[in-house]
Number of protein chains: 2
Amino acid sequence: MSDRKQQIIEHAAELVATVGFDSFSYNDLSERLGITKASLHHHFPKKEDLGLGLLDQMIAFKEQKRDELLQAGETPLQRIEVYFSFYREMCVDAECSQICPVSSLQAEINVIPASMREKLMILDEIESRLVTEILSQGRELGELKFLGEPEHHAMMMISAIKGAVQFSRSHGVEAVDNTIKQLKYSLGLNPQ
Amino acid sequence: MSDRKQQIIEHAAELVATVGFDSFSYNDLSERLGITKASLHHHFPKKEDLGLGLLDQMIAFKEQKRDELLQAGETPLQRIEVYFSFYREMCVDAECSQICPVSSLQAEINVIPASMREKLMILDEIESRLVTEILSQGRELGELKFLGEPEHHAMMMISAIKGAVQFSRSHGVEAVDNTIKQLKYSLGLNPQ
DNA sequence: GTCTATAAATGGATAGAC
DNA sequence: GTCTATCCATTTATAGAC
């Protein structure tokens, strides 16, 4: 992947997280990058191509993060902390309020091309499996306590944390902080 | 409010829940209602006016639902069941997959007019207070068991259920069902 | 790879007749 | 209240020169 392509995708990622896929234009990218719209079309002929390129990148990034997290010598408890803080930083870091790009694309599911929907499902799968695995291991080791299937609890936690990030746009970071706190209770933890 | 205005708002609500505020056009509405774009502009000169009209309607609807729920002779436990089923039906009912219109607008927060953002916060407040109140009463009566502040647990629950509805677009209704199941555990309930 | 120029379609919005 | 007609800006996308 050329540097330029990479650069374009990075800005596209930011725009998806702030305004959504359908609401940003090649013109927005053109201004950010200082090149013309025509040049952008050279790299990604259709907006759909750009969307797919972005999703491929997101999949690679998520797989890498997952492998880092699972191969590091950390305990399930520490892993879940890292997972939480990833989302917490999402709403603090940016100048313009960002949400999880996956949430953003899910909200636009009836607007984005079908080809993008498929890749979106892959992304979901990776995260679901990751959290499910952490929860399973955590319960086996006695570090985490919860009732029901790890897979179901993972789904609830993922929904909650992503929903909270979206909510933080009107309620501030407290929405995320409080949600994380209660999710820790749901895992039998004491959120100090 | 004239019948026509009401009718327009209803279709706008559906479009916000399916494709989002920025992604539907007066042309979409025109086709659905069988009147021209110009006629739509007569009722709502700017799209922002339509958005505000819709939000006012949503606020009124939510206040009414809240009053019904709180004044009915039901227990907190039954009320929380009604609350859950409201969101569950959201992803089953529609021909085209819908999400909570509030979630949809939150995802577009950097795109919608500032005047709409204010009304969106009011909507959030109503729901937060409602769930907080149900949880408070439920714990006092011993029907519900959870640690931490009712307000914080409410925020987590709201984020989770709305996030799950959004997730159901790629994961099916099970995302919502499983999330509800685990949320019940978090309230000390046995989700049969 | 980047540019200028331009096409074709769509979006929000207005003027004025009926 | 609804229509036709029209305006202007924006958006996606292409052709072809450098």
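Just so it is clear: chains get the letters A, B, ... in the order the sequence lines come, proteins before strands, and each one is counted from 1. As the structure is a computational prediction, the values presented were derived from the model and not from experiment.
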Could you state the CD-C1' distance from A:E48 to D:dA13, rounded to the nearest angstrom? 14 Å
Which whole-number value in Å describes the distance from B:H42 NE2 to C:dA15 P? 15 Å
Starting at atom CG of A:D28, determine the distance to atom C1' of D:dA9, rounded to an integer number of angstrom. 14 Å
Hey, is the main chain of B:E81 close enough, under 3.5 Å, to the side chain of B:S85 for a donor-acceptor pair? yes
Please determine, for the side chain of A:R4, which listed nucleotide (C:dT2, D:dT4, C:dA13) has the closest atom? C:dT2
Specify the separation, in whole Å, of atom CG of B:L29 and atom C1' of C:dG11. 13 Å
Within 45° of the ring axis of A:F24 and under 6.0 Å from its six-membered ring centre, is that where the NZ or CZ of A:K47 lies? yes
Taking the nucleotide of DNA chain D with the closest heavy atom to each, which residue, B:G34 or A:Y26, is nearer the 5' end? B:G34
Looking at A:S25, does any N or O in its side chain come under 4.0 Å of the phosphate oxygens OP1/OP2 on D:dT11? yes
Using 30° and 60° as the class limits, which term best fits the ring planes of B:H153 and B:F146: parallel, tilted or perpendicular? parallel
Please check the phosphate of C:dT2 (OP1 and OP2 only) for any side-chain N or O of A:H43 closer than 4.0 Å. yes
Could you state the CG-P distance from A:D22 to D:dT10, rounded to the nearest angstrom? 17 Å
Determine whether B:M121 and B:E118 make a side-chain contact, defined as any pair of heavy atoms from C-beta on separated by less than 4.5 Å. no
B:K5 NZ/CZ over B:F44 ring centroid, <6.0 Å and within 45° of normal: yes
To the nearest Å, how far apart are A:K5 NZ and C:dG1 P? 9 Å
Nearest listed nucleotide, side chain of A:N27, among C:dT2, D:dT12, D:dT11: D:dT11
Is the phosphate of D:dT2, meaning OP1 or OP2, less than 4.0 Å from a side-chain N or O of B:T36? no
Determine: side-chain N/O of A:K37 to OP1/OP2 of D:dT10, distance under 4.0 Å, yes or no. no
Could you check whether B:F44 gets within reach of a base, just the sugar-phosphate, or nothing at all, counting any heavy atom under 4.0 Å? nothing
Just the rounded figure in Å: distance from P of C:dG11 to NZ of B:K47. 9 Å
Residue A:H41, side-chain heavy atoms: nucleotide from D:dT4, D:dT2, D:dA13 that is nearest: D:dA13
For atom CZ of B:F21 and atom C1' of C:dG12, their distance in whole Å: 11 Å
